[in-house]
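One-based numbering along the sequence shown. Keep in mind that the numbers below use all heavy atoms, side chains included, and drop hydrogens, waters and symmetry copies.
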Amino acid sequence: MKEKHGRGDESLLSAGYGSVSERLEVAPATDSERAEKLTLEEVYEIVGVGKAQVFYWIMTSFTVYFDSAELVVISTIIPALRCEWGLNVTWETLINVSSYVFSALGSIFLGRLADIYGRKRMIMISILCLFVTSLSSALTRSPIQFLVSRCLVGMSMGITFPTSIVFCAEVVKSRYRETATLIVYVAYSMSVFVVSVLAFLLLNAVKWRWFIFINTVPMVVCFVFLAILPESPRFLLVNNQAGQALAALRKMARWNDKELPVNLNIRLTEDEDLGSLSLVLSPMYRRDVILLSVLMFCDLFIEFGNLIFAPLALYSGFCGGKLEPPHYECIPITQDALLSLSLVTSGGVVACVVAVLSAVYLGRVLTLRLSAVGLAIFSLVLFKCISVGVTNFLLFGVRFFVTVNDFATMMIIPELFPTTVRNTAMSVINSAGKTGGAIGCGLVYVLYYISPSLVVGVFAAAALVTVLCGALWRRETQQYRIIDTSHDQLKQ
């Protein structure tokens, strides 16, 4: 794949590294003072892809896993909370929506901190807060206490997911960004699937408090191993910490059994404010941010709303408009419904493989458009399914296509925005998505007990909006390489 080269990553590395001397400019006149100019991409070429990147990807994948798992846990334990505390529709809605609302707030207000204080530091803080708040929710004794704990969980989730994707993409050469994003999205989709399977196996046996505890404790191991990882060299460079960036690169090279030149020095050629929201919303990026935000809003509106709708629909046998609105009562979720939920959520796992192949061979634009059309078709057919058994397949299809569309959107963001504001842009767009998720969950509870068909209707409408946004998106970022400042954007 041919990469475009502008001034992006023009981190100049002065070094006596003879193997690349044919394509690099030699500055001094004497052999003893000979120095070469290398870009960060070329340094990553020397570092290679090996144990260091695998370690980064595994640890950040676990952070994404725990972030996503929190949302599925709530959708599966709500029936148990309804029975224990006598929850009504209002309380259920507040508990489910709270995580999404505060996640959106956390993303918009705290996400830019990762562009100022570092990717690794903010991920570690968010995982620690997620562990404490999630564990506290298992110890609550009333709906009010549980609601407060879920709000705090949501605030912690606002940083974890977008920062993890940025962190993964920044520790490797640009051409491997599909691999990095794929690994994160597999973890994201696997978390939804695995928690659904664990709910099928354990929820009715161990009860909801122990179920939360089982899903929370492994966060401690993740936190410990994250401490070993170096910070993103790209972030350190734009933050004028060339010495720390060099140390991080040397550590990565050592883990990969490679060696960097002894006299390596790094400096960044362009200075730019870190975490600048005004740059993200400037005319250079405004249209892109609006389109990507609307896409993410609709994707998570459907995806998270579907996490609430699927257990209800699968339990009550919904198919199109044939089901009368169910009575609101204390009925624990059945093993059959949990099994069906596991099968439906597996659509996200399958979608990850298809998504990366499509993004690589068809490009980002075509992947966005095809997945949006598929999502719209499956959402509309759900109105007219011919039998109750078909519901599983249709919900699987909705999950599949929304994951592919979401994946393509998340691929574009690290490719489009520079290191100085990459996490800020990711957080703004993710905040729009989480807002869509909150509205989607709320509408499921408001509309489902009026008519389940209304829920399917709003999902279908959101899917049609993704088709429109896909048609309007024309910037093919596949040939872009990851850039460090907005000055580099003019060269893409």
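- Side chains of Ile125 and Tyr117 form no contact here, defined as non-hydrogen atoms less than 4.5 Å apart.
- In terms of heavy-atom proximity, Ser191 sits nearest to Ala69 at OG-N, 3.9 Å.
- Partners of Gln53 according to the side-chain hydrogen bond (donor to acceptor under 3.5 Å, both in side chains) rule, which considers only residues two or more places apart in sequence or in another chain, are Asn256.
- For the pair Arg399 and Val192, the tightest heavy-atom approach, listed with the atom from each and the gap, is NH2-CG2, 3.3 Å.
- Nearest heavy atoms, Ser232 versus Phe167: N-CE1, 3.5 Å.
- A donor atom on one side chain and an acceptor atom on the other are not found under 3.5 Å apart for Thr140 and Ser149.
- Looking only at side-chain heavy atoms (C-beta outward), Ser189 and Val349 come within less than 4.5 Å of each other.
- Note: Trp85 and Trp208 have perpendicular aromatic rings, judged against thresholds of 30 and 60 degrees for the angle between ring planes.
- When side chains are defined from C-beta on, Val280 does not count as touching Tyr285, because their heavy atoms never get closer than 4.5 Å.
- Between Val354 and Phe400, some side-chain heavy-atom pair lies under the 4.5 Å cut-off.
- Between the side chains of Arg364 and Thr367, not a single donor N or O lies within less than 3.5 Å of an accepting N or O.
- Aromatic ring centroids of Phe378 and Phe393 lie under 6.0 Å apart.
- For the pair Phe161 and Met410, the tightest heavy-atom approach, listed with the atom from each and the gap, is CE2-CE, 3.5 Å.
- Phe55 places none of its side-chain heavy atoms less than 4.5 Å from the side chain of Val171.
- Look at Glu84 and Arg209 and you find a salt bridge, because one of the NZ, NE, NH1 or NH2 atoms lies within 4.0 Å of a carboxylate O, short of that distance.
- With hydrogens and angles disregarded, no donor-acceptor distance shorter than 3.5 Å links the side chain of Ser103 to the backbone of Tyr100.
- Side-chain atoms of Arg369 come within 3.5 Å of backbone N or O of Gly470 as a donor-acceptor pair.
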request  = Start with the C-alpha distance between Thr63 and Thr160, add both sets of side-chain angles, then the distance that settles side-chain hydrogen bond (donor to acceptor under 3.5 Å, both in side chains), and finish with yes or no.
outcome  = CA-CA 7 Å; Thr63 64; Thr160 311; over 6 Å; no

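- The aromatic rings of Phe301 and Phe297 sit parallel to each other, their planes meeting at less than 30°, with 60° as the upper class boundary.
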ask   = side-chain contact (heavy atoms from CB on, under 4.5 Å) between Tyr65 and Val195: does it pass, once the steps are laid out?
value = CA-CA 10 Å; Tyr65 173 93; Val195 173; 4.1 Å; yes

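- Within the 4.5 Å cutoff, side-chain heavy atoms of Thr76 are placed close to those of Phe211.
- Side-chain contact between Leu147 and Pro143 is absent, with no heavy-atom pair separated by less than 4.5 Å.
- Looking only at side-chain heavy atoms (C-beta outward), Ser137 and Ile212 come within less than 4.5 Å of each other.
- The aromatic ring centroids of Phe131 and Phe223 lie 6.0 Å or more from each other.
- A donor-acceptor pair is defined here as one N or O able to donate and one able to accept, closer than 3.5 Å; such a pair exists between the side chain of Ser427 and the backbone of Asn423.
- Tyr56 and Trp255 have their aromatic ring centers separated by at least 6.0 angstrom.
- A salt bridge is defined here as a Lys NZ or Arg NE, NH1 or NH2 lying under 4.0 Å from an Asp or Glu carboxylate O, and Glu70 with Arg150 meets this definition.
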